[in-house]
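Notes to accompany the following structure.
What you see is a predicted model, and the numbers here were worked out from it, not measured in a lab. Heads up: numbering here begins at 1 and tracks the sequence.
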Amino acid sequence: MPSQALLLILLLCVLLQAQGGYRKPKTMQKMELIKEIKVCEKHTNIYMCRRPCEYYQDCQANNICCSTFCGNICMSLLNR
């Protein structure tokens with residue numbers, strides 16, 4: 001009887017795990033968020049260096065994260 005109970009518990013665990021589906025590790029999810037940061041198309045000045053960023057999500061709306069002489073900064077998309 002105890003072995004049948006253990007088998008039933010094992011079967012339930014397997015079924016519950018199968019219902020959960022495959023989950024990606026958090027490191028893979030973070031890698032998907034990172035886009036390649038390109039060199040800024042517009043001319044930058046020293047005052048723009050006050051807005052550093054690492055990802056596009058670090059910038060406000062209508063801004064992108066791009067690379068300059070002082071590192072990655074948020075630059076507006078509107079005034080091209």
Would you check if the side chain of N63 reaches a backbone N or O of A61 as a donor-acceptor pair within less than 3.5 Å? yes
With rounding to the nearest 0.5 Å, note down the distance linking [atom1] in [X] to [atom2] in [Y].
X   : Y   : atom1 : atom2 : value
I64 : C59 : CD1   : SG    : 8.0 Å
T68 : K42 : OG1   : NZ    : 12.5 Å
N72 : Y56 : CG    : OH    : 9.5 Å

For the pair C74/C53, is the SG to SG distance below 2.5 Å? no
Out of M48, M75, E41, which residue meets the side-chain contact (heavy atoms from CB on, under 4.5 Å) rule with C66? M75
Which heavy atom in F69 sits nearest to a heavy atom in I46, and how many Å separate them? CE1-CD1, 4.0 Å
Counting only heavy atoms not in Y47, do more than 12 sit closer than 6.0 Å to its OH atom? no
